[in-house]
Amino acid sequence: MKIWAKTVVEEKITRDLLYEYEAITDSDEFVAVLQEICGQMDIPTPVATYVNFNHFVMFNNTRFKPRDFVESVDFDVLDIEAVPEKDKKRK
């Protein structure tokens, strides 16, 4: 599966990353993937709560605002979205 992570400032994407992963089955794996994504994007890692994990599992999306970071950030939103894989079956 893939995750599309993007930082947004005033409704404009300032950074983005397409990250591939096996599967996220629990909140610990979610935090580990989030840390890896933030490291590759060179941004601080937000404080991820169980609510963030639930939103990701239920809606394939979660958002982090500047208040979710311990350090100051230069964007309005960090959006983490699961990208559904297209079925490659041929008839």
Side-chain angles (χ1 to χ4, degrees):
M1 296 193 73
K2 296 178 184 177
I3 291 178
W4 182 29
K6 56 189 174 279
T7 59
V8 179
V9 175
E10 296 179 1
E11 299 183 20
K12 293 182 183 175
I13 296 173
T14 55
R15 291 182 201 92
D16 71 326
L17 173 73
L18 193 60
Y19 181 83
E20 291 194 40
Y21 66 99
E22 290 295 320
I24 294 178
T25 57
D26 61 24
S27 60
D28 291 336
E29 288 179 2
F30 176 72
V31 171
V33 167
L34 184 63
Q35 289 173 339
E36 181 67 26
I37 289 170
C38 290
Q40 288 185 19
M41 293 179 76
D42 196 28
I43 60 173
T45 303
V47 176
T49 64
Y50 190 69
V51 172
N52 296 113
F53 174 66
N54 274 345
H55 278 216
F56 185 77
V57 169
M58 292 174 61
F59 307 115
N60 292 326
N61 185 324
T62 192
R63 303 180 104 193
F64 297 95
K65 295 184 178 181
R67 67 176 179 243
D68 297 319
F69 293 83
V70 175
E71 300 174 43
S72 62
V73 294
D74 61 350
F75 50 85
D76 299 330
V77 173
L78 170 62
D79 191 17
I80 307 293
E81 179 179 343
V83 178
E85 301 257 345
K86 293 187 178 178
D87 200 12
K88 296 183 179 180
K89 293 181 182 177
R90 294 195 172 160
K91 294 180 179 182

*State plainly whether one hydrophobic cluster holds both L17 and V77, where clusters connect Ile, Leu, Val, Met, Phe, Trp and Tyr through side-chain heavy atoms under 4.5 angstrom apart.*
no
*Please state whether the rings of F56 and F30 are parallel, tilted or perpendicular, taking 30° and 60° as the class boundaries.*
tilted
*Please round to the nearest 0.5 Å and tell me the distance separating atom CD1 of I3 and atom CD of E20.*
11.0 Å
_Working to the nearest 0.5 angstrom, can you tell me the gap between Y21 OH and E29 CD?_
10.5 Å
*Is it the case that more than 12 heavy atoms not belonging to R63 sit under 6.0 Å from its CZ atom?*
no
*Applying the 4.5 Å side-chain criterion to the ILVMFWY set and letting contacts propagate, would V33 and F69 be lumped into a single cluster?*
yes
*Which distance, rounded to the nearest 0.5 Å, do you find between the CD of E11 and the CD1 of I13?*
11.0 Å
*So with a 6.0 Å cut-off around CG of D26, is the heavy-atom count from everything else above 12?*
yes
*Do Y19 and V8 belong to the same hydrophobic cluster, where Ile, Leu, Val, Met, Phe, Trp and Tyr are linked whenever their side-chain heavy atoms lie under 4.5 Å apart, directly or via other members?*
no
_Qualifying residue, where the test is salt bridge (charged side-chain N to carboxylate O under 4.0 Å, His left out) with K6 and the options are D16, D79, D76_ = D79
*So which of L78, I43, V73 actually passes side-chain contact (heavy atoms from CB on, under 4.5 Å) with F64?*
L78
*asked:* Side-chain heavy atoms nearer than 4.5 Å, only ILVMFWY residues, links allowed to pass through others: does that put F75 and M41 together?
replied: yes
*Closest non-hydrogen atom pair, C38 against P44*: SG-O, 3.6 Å
*Aromatic ring pairing F53/Y50, orientation class (parallel under 30°, perpendicular over 60°, tilted between)*: tilted
*Can you tell me how far CG of D42 sits from CZ of R15, rounded to the nearest 0.5 angstrom?*
7.5 Å
*Under a single-linkage definition using a 4.5 Å side-chain heavy-atom cutoff for Ile, Leu, Val, Met, Phe, Trp and Tyr, are I80 and V47 assigned to the same hydrophobic cluster?*
no
